[in-house]
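Both counts, for ligands and for their atoms, begin at 1 and track the order of listing.
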Amino acid sequence: MAKRIYVLNGPNLNRLGLREPEIYGRTTLSEVEQMCRAAAPGRALDFRQTNKEFELIDWIHEAIDEGSGIIINPAAFTFTSIALLDALKMFPGPIIELHISNIHRREAYYHHSYVSKVATAVIAGLGANGYRVAVAAMQDLLGEARAHPA
Ligand code: CA2
């Protein structure tokens with residue numbers, strides 16, 4: 001059986017669609033999850049969110065054993081967490097770093113990503129659609145034929 005694609009989300013993203021729609025849009029995280037599943041029909045996909053840094057790191061360790069690829073929106077941990085960087089360094093497969101907003105158009109403290117140092121690719125600024133793009137790109141990176149949703 002094919003290994004899973006992990007879609008991991010960091011702190012505060014459980015509030016997506018409920019606050020700051022001018023930056024993050026109106027799509028909720030549960031709708032984002034549905035978009036990801038629709039973009040990878042029949043594919044084992046783990047979609048998770050946590051506000052805890054250690055939990056995100058534990059999930060990356062799990063993905064090292066059970067995952068084929070990681071799509072990660074680390075939110076604020078992007079800019080602070082060397083622990084996250086160290087965990088991702090151990091992952092042998094493709095890693096897509098994803099941000100809903102274009103972090104480079106924003107305040108300077110959003111400009112330096114530790115995660116980009118180990119990411120295969122970075123997607124930023126496409127809104128919630130970025131997740132759909134990331135799931136499609138991940139399947140391409142994994143060399144899988146993509147099912148086209150009707
Ligand atoms: O644009 C993104 O996806 C971010 O990763 C989101 C993070 C921010 O720290 C990054 O710079 C860019 C913040 C997530 C906050 O989530 C919210 C969700 C709903 C309402 C307000 C914040």
K.L.:
For atom 4 (C) of ligand 1, grab the closest protein heavy atom and report residue, atom and distance to one decimal in Å.
P.N.:
H99 ND1, 3.7 Å

K.L.:
For the residue pair C36 and L45, what are the closest heavy atoms and their distance?
P.N.:
O-CD1, 3.9 Å

K.L.:
Measure the spacing between CD1 of I70 and CG of L98 and express it to the nearest 0.5 Å.
P.N.:
13.5 Å

K.L.:
Atoms of ligand 1 less than 4.0 Å from A76 heavy atoms?
P.N.:
9 (O)

K.L.:
If I apply the N/O under 3.5 Å rule, does R15 come out as touching ligand 1?
P.N.:
no

K.L.:
Are Y114 and H112 close enough that their ring centres sit under 6.0 Å apart?
P.N.:
yes

K.L.:
Identify the protein heavy atom lying closest to atom 11 (O) of ligand 1, giving its residue, its atom name and the separation to 0.1 Å.
P.N.:
Y110 CD2, 2.9 Å

K.L.:
I'd like to know whether CZ of R48 has more than 12 heavy-atom contacts from other residues, nucleotides or ligands below 6.0 angstrom.
P.N.:
yes

K.L.:
In the protein, which heavy atom is nearest to atom 6 (C) of ligand 1, and how far is it?
P.N.:
Y24 CE2, 3.6 Å

K.L.:
Can you confirm, on distance only, whether ligand 1 has an N/O atom lying under 3.5 Å from any N/O atom belonging to I100?
P.N.:
yes

K.L.:
Which atom names give the shortest non-hydrogen contact between P94 and T120, and what distance separates them?
P.N.:
CA-OG1, 3.4 Å

K.L.:
Checking N9 against Y131: is there a side-chain donor and acceptor pair closer than 3.5 Å?
P.N.:
yes

K.L.:
Short list, please: which atoms of ligand 1 are under 4.0 Å from a heavy atom of I103?
P.N.:
11 (O), 12 (C)

K.L.:
Where is the tightest heavy-atom contact between V135 and A39, given as atom of each residue plus distance?
P.N.:
CG1-CB, 3.8 Å

K.L.:
Minimum heavy-atom separation for R43 to K3, with atom names?
P.N.:
NH1-O, 2.8 Å

K.L.:
Which of the numbered atoms in ligand 1 are below 4.0 angstrom from a heavy atom of R19?
P.N.:
19 (C), 20 (C), 21 (C)

K.L.:
Show which atoms of ligand 1 fall inside a sub-4.0 Å distance from at least one heavy-atom site of A75.
P.N.:
5 (O), 7 (C), 9 (O)

K.L.:
Is there a heavy atom of L18 sitting under 4.0 angstrom from any atom of ligand 1?
P.N.:
no

K.L.:
Please state which protein non-hydrogen atom is closest to atom 1 (O) of ligand 1 and give its distance, to 0.1 Å?
P.N.:
S101 OG, 2.6 Å

K.L.:
Taking only heavy atoms of L16, which atoms of ligand 1 are found under 4.0 Å from at least one of them?
P.N.:
18 (C), 19 (C)

K.L.:
Heavy-atom distances under 4.0 Å decide this one: backbone, side chain, both or neither, for N73 against ligand 1?
P.N.:
side chain

K.L.:
Search all heavy atoms of N51 against all heavy atoms of G10 and return the closest pair with its distance.
P.N.:
OD1-O, 4.4 Å

K.L.:
May I ask you to decide if I72's main-chain N or O and E97's side chain share a donor-acceptor pair within less than 3.5 Å?
P.N.:
no

K.L.:
Determine whether the side chain, the backbone, both or neither of N12 has a heavy atom under 4.0 Å from any heavy atom of ligand 1.
P.N.:
both

K.L.:
Report yes if E20 has an N/O atom closer than 3.5 Å to an N/O atom of ligand 1; otherwise report no.
P.N.:
no

K.L.:
Measure the distance from atom 10 (C) of ligand 1 to every protein heavy atom, then report the residue, atom name and distance (to 0.1 Å) of the closest one.
P.N.:
F79 CE1, 3.7 Å

